[in-house]
Amino acid sequence: MIFVRDKGRMCNNILQFGHVYAWAREHGRTAVSMRFAYKYPFFRISHTRWHCFATYVFAKYAAKFGLLPVAGFHSTEGNPEAQHLLETRKTLVVEGWEVRFYDLFLKYKQEIVGLFAFDERILSKVMPMMDTPAVRLGVHVRRGDYKTWHGGKFFYSDAQYAEVIRSFVAQHHNVRVEVFVCGNDPNLRSIKEAVGADIPLHIPNGNAAEDLCMLSECDYIIGAPSTFSLVASMYHDRPLAWIMSPTEDLHFDRFDNLFRNIL
C-alpha cells in the first residue's frame, strides 16, 4: 500500500495524489491519501476504504518512527532513490510536490475525477445557483500568500480583475454572461463595485469545496495561475485562462496541457 502525504493546499493535494494513484493503478498497487483520510471530507474519496483518521495516524507515526520507508519527491530533477523505493517496497509513504507521472495521470484521469466527485451536500448548495441559460464565467481571485509569491507578480487588484472580466464580457457581447467569483480574500464583495452593476456577478462565499465545485460548473474559468482553477477545469474539461498579466489578452487552454506547465 502506498500512503500519500504532503503539506500543500487542497488542490495541490488532489493533483499530487492523482499522480501517485495513476502510477499505483498502472502497477496493480493501492494508493491512499493521508490528507483526504481526515482533512477534506467533501469528496467521494474520503468515504472509500482505508480513508479514515486511523489510517492517517498509522501512516504518520509508522513513518516517523522508521517503520515505513519514505520516498520524497522534492526536486524537479527527479529522485532515483525515491523512485526505486516506490518500485521495490510494497508498503511505503510517498511525499513531495514533484512526484509526476503525466501520461499515467491522463490515462486514469476520469477515475481520478470520480474519486474527487463532490459530496451531495456540496452539490446541493452549488448546483441551484448554476442553473442559468447565460454563459457562466468563473473567476478565481487569489490573494493572501500571492502578495509575496513570485514577488507579488500575480497579486491583482479589484480594478485589474474587473478589467479582465469586462474584457471577457465585451468579447461575448452577443450573449448574456454571468460571473461567479470565489477566492481566498474575505473582502471579495469589493470586486462587484469595481466591475459595475451592468454585469451580473455572484459571490456566494462558500467553503473551499463549494468554491471548487462552482468554478468547475462554469463554462469558462479565469484567474491568477493556481492549482485551484486548474483542478476546477479538470472536472468537465472547461477552458481555463491564467492571468499572466492583467494587460495581456486571455489565452484559454485545457487541463491536459496546462497541468504540465504548473508554475
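Just the heavy atoms: all of them, side chains too, but no hydrogens, waters or symmetry mates, feed the values below. Please read all numbers here as calculations on a predicted model, not as lab measurements.
Met1 is not connected to Val99 by any chain of hydrophobic side-chain contacts under 4.5 Å among Ile, Leu, Val, Met, Phe, Trp and Tyr, and they are in different clusters. Cluster membership for Leu240 and Tyr161, using ILVMFWY side-chain heavy atoms within less than 4.5 angstrom, is shared. The hydrophobic clustering, which links ILVMFWY residues whose side-chain heavy atoms are closer than 4.5 Å, places Phe155 and Val164 together. One hydrophobic cluster holds both Leu250 and Leu258 under the rule that ILVMFWY side chains link at heavy-atom gaps under 4.5 Å. Follow the hydrophobic side-chain contacts under 4.5 Å out from Val32 and you never reach Ile112; the two are in separate clusters.
Between Phe259 and Phe255, the two ring planes are parallel [angle under 30°; tilted spans 30° to 60°]. Classified by interplanar angle (parallel below 30°, tilted 30° to 60°, perpendicular above 60°), the ring pair Tyr56/Phe53 is tilted.
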Just list the side-chain donor-acceptor pairs under 3.5 Å for residues 63-75, sequence neighbours left out, or say none.
| from | atom 1 | to | atom 2 | distance (Å) |
| --- | --- | --- | --- | --- |
| His74 | NE2 | Glu95 | OE2 | 3.3 |
| Ser75 | OG | Glu77 | N | 3.1 |

If you look only at distance, which donor and acceptor atoms sit under 3.5 Å apart when one is on a side chain in residues 82-91 and the other is two or more places apart or in another chain?
| from | atom 1 | to | atom 2 | distance (Å) |
| --- | --- | --- | --- | --- |
| Gln83 | NE2 | Glu87 | OE2 | 2.9 |
| Thr88 | OG1 | His84 | O | 2.7 |

Side-chain atoms of residues 129-140: list all donor-acceptor pairs with protein atoms under 3.5 Å, sequence neighbours left out, distances to 0.1 Å.
| from | atom 1 | to | atom 2 | distance (Å) |
| --- | --- | --- | --- | --- |
| Thr132 | OG1 | Ala134 | N | 3.2 |
| Thr132 | OG1 | Glu178 | OE2 | 3.0 |
| Arg136 | NE | Glu217 | O | 3.3 |
| Arg136 | NE | Asp219 | OD2 | 3.3 |
| Arg136 | NH1 | Met130 | O | 3.1 |
| Arg136 | NH1 | Glu217 | O | 3.4 |
| Arg136 | NH2 | Glu217 | O | 3.1 |
| Arg136 | NH2 | Asp219 | OD1 | 3.3 |

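The heavy-atom pair separating Ser229 from Ile221 by the smallest distance is CB-CG2, 4.0 Å. Across every non-hydrogen atom of Tyr102 and His19, the tightest pair is CD2-CE1, 3.8 Å. Nearest heavy-atom pair across Gly96 and Gln16 is O-NE2, 3.2 Å. The shortest non-hydrogen separation linking Cys213 to Ser216 is O-OG, 2.7 Å. When all heavy atoms of Lys153 and Tyr156 are compared, the pair lying nearest together is O-CE2, 3.5 Å. Ser233 and Leu230 get closest at one heavy-atom pair: OG-O, 2.6 Å.
No donor-acceptor distance shorter than 3.5 angstrom exists from the side chain of Arg143 to the backbone of Asn184, with no hydrogens or angles considered. Checking side-chain atoms of His202 against main-chain N and O of Phe180 turns up no donor-acceptor pair under 3.5 Å. With Arg238 contributing its side chain and Cys218 its backbone, the two residues share a donor-acceptor pair below 3.5 Å. The main-chain N or O of Val93 is never found under 3.5 Å from a side-chain atom of Arg5 such that the two would form a donor-acceptor pair. Within the 3.5 Å criterion, the main-chain N or O of Pro225 finds a donor-acceptor partner in the side chain of Tyr146. Side-chain N or O atoms of Asp119 include none that pairs as donor or acceptor with a backbone N or O of Arg121 at under 3.5 Å. A donor-acceptor distance shorter than 3.5 angstrom exists from the side chain of Arg35 to the backbone of Asp6, with no hydrogens or angles considered.
Using a 4.5 Å heavy-atom threshold, the side chains of Leu212 and Met10 count as touching. With a 4.5 Å cut-off on side-chain heavy atoms, Trp242 and Phe154 do not count as touching. Between Glu193 and Asp158 there is no side-chain heavy-atom pair separated by less than 4.5 Å. Side-chain atoms of Leu215 and Val231, non-hydrogen and from C-beta on, never get closer than 4.5 Å to each other. No side-chain heavy atom of Val4 sits less than 4.5 Å from a side-chain heavy atom of Tyr21.
Interatomic distance, Met34 CE to His51 NE2, rounded to the nearest 0.5 Å: 10.5 Å. Between atom CD of residue Glu210 and atom CZ of residue Phe118 there is a gap of 10.0 Å, rounded to the nearest 0.5 Å. To the nearest 0.5 angstrom, Ser33 atom OG is 6.0 Å from Phe116 atom CZ. Between atom NZ of residue Lys107 and atom NZ of residue Lys109 there is a gap of 15.5 Å, rounded to the nearest 0.5 Å. Rounded to the nearest 0.5 Å, atoms CZ (Arg142) and SG (Cys182) are 11.0 Å apart. The distance from atom CH2 of Trp23 to atom OH of Tyr108, rounded to the nearest 0.5 Å, is 11.5 Å.
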request  = Begin with the C-alpha distance, continue with both residues' side-chain angles, and end with the deciding distance and a verdict on side-chain contact (heavy atoms from CB on, under 4.5 Å) for Val195 and Val179.
outcome  = CA-CA 10 Å; Val195 170; Val179 184; 5.9 Å; no
In sequence, state the C-alpha distance, the side-chain angles, and the governing distance for Arg9 and Thr227, and then conclude on side-chain contact (heavy atoms from CB on, under 4.5 Å).
CA-CA 9 Å; Arg9 295 174 181 264; Thr227 56; 6.0 Å; no
Do Leu92 and Ile2 pass the side-chain contact (heavy atoms from CB on, under 4.5 Å) test, and can you show the C-alpha distance, the side-chain angles, and the key distance before you say yes or no?
CA-CA 5 Å; Leu92 75 161; Ile2 304 171; 3.9 Å; yes
Verify side-chain contact (heavy atoms from CB on, under 4.5 Å) between Asp198 and Arg166, making sure each step is shown before the conclusion.
CA-CA 10 Å; Asp198 58 316; Arg166 296 190 69 85; 3.2 Å; yes
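For Glu163, the CD atom counts as loosely surrounded, since its 6.0 Å shell holds 12 or fewer non-hydrogen atoms of other residues, nucleotides or ligands.
For Phe252 and Tyr220, the ring centers are positioned less than 6.0 Å apart. Between Phe36 and Tyr40, the distance separating the two ring centers is shorter than 6.0 angstrom.
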